[in-house]
Engineer: 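Here you go, one structure.
Just so you know, these numbers use all the heavy atoms, side chains as well, and skip hydrogens, waters and symmetry mates. Read the numbers this way: they start at 1 and go in the same order the structure lists the ligands and their atoms.
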Amino acid sequence: MDLNEMDKFAKSMVKEAGHKIRHSFFSTIEINTKSNLNDLVTNIDKEIEQFMIRKIQQQYPAHRILGEEGFGHVVESLQGVVWIVDPIDGTLNFVHQQRNFAISVGVYIDGVGMLGYIYDVVRDELYSAEKGKGAYVNDERLPMIEQQSIHKAVIGMNARWLAPNRFQLQTQLFRVVADCRSTRSYGSAALEIAYVASGKLNGYISFNLSPWDIAGGAVIAQEVGAIVSTVTGAPANYLTADTFILANEVLHDQLLNEYLLT
Ligand code: IPD
Ligand code: CA
Ligand code: CA
């Protein structure tokens, strides 16, 4: 398996997809809803996923693809090579703001994240990593992330998780919010993971993410020393929706042992 060649292919694919998304700003976008009125999808999400799937299938016909909009394969195991793609992570931002969204791509081989990409289309910032070779934003290598305990930590989190009856660990989460330096919510899990990897956030917590939200970012963030898991400390789930937590080692340990598991 020539990972170097796959890396070049993936970078060129996400850049081309990003160009198409920027171009779509000049056209009328069709907006529909999925599981609820706030779960948006557009024709651009679908077109970009189809574009990436076509490209991957032309280049690597034996590889399988798990995509958010369902144009890929039904993937029930991570055996072999699996591309996990989210054509637009942060669709609500894409619709309302035309910024703060990203393309996310992860390549897993026998369940191990080998390549990861998060492309902030509007800022033209491509976060990328190959397992064991460090993480980059465009051509700049990202340094290892700092160890930061909760009192000095800025944590990415959606305030919706604090709404009454949303989540059984609500009390624990209130303590996290009270004790950390501050929280931020950007509305794109992929970007929030990229922000942990590049030191803009110290941690990120979510109680319902899908494989395509986290697959690319997990590869990138682990290359700079971040720890990823579910909120119970189990390995992050790249096959089905689950909880997700990502932070520097000190904060990850503290969040689990002093807050979420107590
Ligand atoms: C969503 C974003 C959002 C997260 C949601 C995801 P989408 O992805 O990552 O930040 O809170 O859980 O579904 O639907 O915009 O690709
Ligand atoms: Ca997503
Ligand atoms: Ca999406």
Engineer: If you count the atoms of ligand 1 from 1 in the order shown, which ones are under 4.0 Å from a heavy atom of A189?
Structural biologist: 2 (C), 9 (O), 10 (O)
Engineer: Between the Ca ion (ligand 2) and D89, is there an N, O or S atom separated by less than 3.0 Å?
Structural biologist: yes
Engineer: Do D89 and S188 get their side chains close enough for a donor-acceptor pair, meaning under 3.5 Å?
Structural biologist: yes
Engineer: Quick one: which ligand 1 atoms are inside 4.0 Å of a heavy atom on G187?
Structural biologist: 2 (C), 3 (C), 10 (O)
Engineer: Please state which part of S188 comes within less than 4.0 Å of ligand 1, counting heavy atoms only: side chain, backbone, both or neither.
Structural biologist: backbone
Engineer: If only atom types and distance count, is the side chain of R175 paired as donor or acceptor with the main-chain N or O of L173 below 3.5 Å?
Structural biologist: no
Engineer: For the residue pair Y60 and H63, categorise the inter-ring angle as parallel (less than 30°), tilted (30 to 60°) or perpendicular (more than 60°).
Structural biologist: parallel
Engineer: Which part of I88 is near ligand 1, with near meaning a heavy atom under 4.0 Å away: side chain, backbone, both or neither?
Structural biologist: backbone
Engineer: Ignoring hydrogens and angles, state whether a donor on the side chain of R184 or S182 is under 3.5 Å from an acceptor on the partner side chain.
Structural biologist: yes
Engineer: Heavy-atom contacts with N208 under 4.0 Å: which atoms of ligand 1 show up? List them by number with element.
Structural biologist: 12 (O)
Engineer: E49 side chain to E68 main-chain N or O, any donor-acceptor pair under 3.5 Å?
Structural biologist: yes
Engineer: Please state which part of D213 comes within less than 4.0 Å of ligand 1, counting heavy atoms only: side chain, backbone, both or neither.
Structural biologist: side chain
Engineer: Using the ring of F71 (Phe, Tyr or Trp, six-membered ring only), decide whether K46 places NZ or CZ under 6.0 Å from its centre and within 45 degrees of its axis.
Structural biologist: no
